[in-house]
Amino acid sequence: MNPTTVPQETALLRRYRHRIHRVPRNLVIQPTGFCNLDCTYCYLPDRDAKAPMPTAVAEAVARSAGELVGESVGGHSRKPLGLIWHAGEPLALGRRRFTELLRPFEELRREGLLEHAVQTNATLLNDEWCDLLTGYGFRVGVSVDGPADLTARRIDRKGRPAFDRIMKGIERLRRHGVPFSLIAVVSRETITHPDRLLDFLAALRPVSIGLNIEESEGVNTERHPPTREQAVEFWRKVLAWSRRQPGGTAPVRELERLGRYLRMSRAQRPDRTHLSRADPLPTIAKNGDVFLLSPELAGVTAPAYNDFRAGNVLEQSIGAILGQAHRLTYVGEFLTGLEECESTCEFFDYCRGSQAGNRYFEHQTFAVAETDYCRVTEQAPVLALAATVREEQGT
């Protein structure tokens, strides 16, 4: 390295470590891009590609995971590293191939250093899959957008509704005693039905409910997501619904996050900055390529950013890739965006700068502050809570 670049390198690294966790909390594994469904709002660019992740890639990820869990932060023991199986439909791999990919991680899992999670459309679930998920201690997330009419955009490759198959999969999870969370995509068409949506989701008895307001990302760029005004009204009704529920009702993920923030603010916790650093969230594609900050960047063609490729786990460990992350153009832009957020946005203390991928998909750069995602998913719940408080206080 040229000696004149040393101060610049040091400054980049300092900016990165101020904003991004040194050791990730989660790894996202994309074992296949293929999905057996063809949802109309899907963002994945290669969901037709059936080639699975080779076992050698899983073995390389496991070696990196072992190095990562061996580190500690601030002298404290770490929570188990989350291994999130995501993108496409992971269960489309079949149980035999999926088990082969799980095997390299088993020692870490048995030692309590790693835990698995999977996001699935549930249509392929059967008794054998439930036994596998239970045996490996999976946390399970199921994607369903509400009753049949609100889930109408979840269709298979022949254009047939997937709702009945999703419900059968959920019933199998319940029959086997497998806890699961639910995630619903909320679009312009469904955002006006929060009570009916939440009543339906809560009746399925999940451990939690996540509400993802539709975003412009990946190849889903033609549709128009809901406006902030629509989102504020939606979250106001979600708050009202939540307050009417008896104890034991599944919590809404976004309201839980807002509650944690309020409790942390009142407690004025000294370690708050450390807790609010962004997870670098390494995402490993089936060929071993590693992408940072946002799983949605994987597979996207963007020559100016080297297609967001940070490295390949077959060539470098994830730790080594993260050690050079501050040099990546898109990571540097993201840091600039976060700095802009902090200096200009009144919501920064709550959301800490929000998502990287949405910046790119909405603006073709990461060096921006506000996005539509910010307005409908981060700002709107806060505004809805403020409006509710004002209404109750008569001000």
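Just so you know, residue 1 is the first one in the sequence shown, and it goes up from there. Computed from a predicted model, the values in this text were never measured in an experiment.
- Both tests pass for R257 against the ring of Y350: distance under 6.0 Å to the centre and angle within 45° of the axis.
- Between L293 and Y330, the closest side-chain pair of non-hydrogen atoms falls below 4.5 Å.
- Crowding of R110 atom CZ: a count of heavy atoms from other residues, nucleotides or ligands under 6.0 Å not exceeding 12.
- Note: F105 and H116 have perpendicular aromatic rings, judged against thresholds of 30 and 60 degrees for the angle between ring planes.
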Step by step, would you call V142 with I183 a side-chain contact (heavy atoms from CB on, under 4.5 Å)?
CA-CA 6 Å; V142 175; I183 294 180; over 6 Å; no
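- Ion pairing between a basic and an acidic side chain is recognised when a charged N comes within 4.0 Å of a carboxylate O; E89 and R157 show no such pairing.
- Taking CZ of R236 as the start and CG of L385 as the end, the distance is 12.0 Å to the nearest 0.5 Å.
- Look at D199 and R196 and you find no salt bridge, because none of the NZ, NE, NH1 or NH2 atoms lies under 4.0 Å from a carboxylate O.
- Note on ring orientation: taking the six-membered ring where Trp is involved, the planes of H326 and Y16 are tilted (angle from 30° to 60°).
- T283 places none of its side-chain heavy atoms less than 4.5 Å from the side chain of F308.
- Counting non-hydrogen atoms of other residues, nucleotides and ligands closer than 6.0 Å to CZ of R175 gives a total above 12.
- Using a 4.5 Å heavy-atom cutoff, the side chains of F200 and L150 are not in contact.
- A salt bridge between E67 and R63 is absent, with no side-chain N of the basic residue lying under 4.0 Å from a carboxylate O of the acidic one.
- W235 CH2 to T377 OG1: the interatomic distance, rounded to the nearest 0.5 Å, is 6.5 Å.
- Proximity of a side-chain donor or acceptor of T151 to a complementary backbone N or O of G146 within less than 3.5 Å is detected.
- Other residues, nucleotides and ligands place more than 12 heavy atoms under 6.0 Å from the CZ atom of R95.
- Look at R15 and E339 and you find a salt bridge, because one of the NZ, NE, NH1 or NH2 atoms lies within 4.0 Å of a carboxylate O, short of that distance.
- The number of heavy atoms from other shown groups lying within 6.0 Å of CD (E171) is above 12.
- Ion pairing of R375 with E370 is present here, as a side-chain N (NZ or NE/NH1/NH2) and a carboxylate O approach within less than 4.0 Å.
- At a threshold of 4.0 Å, the pair D289-K286 does not count as salt-bridged, since none of the basic side-chain nitrogens sits closer than that to a carboxylate oxygen.
- Proximity of Y373 to F361: side-chain heavy atoms (C-beta onward) are nowhere separated by under 4.5 Å.
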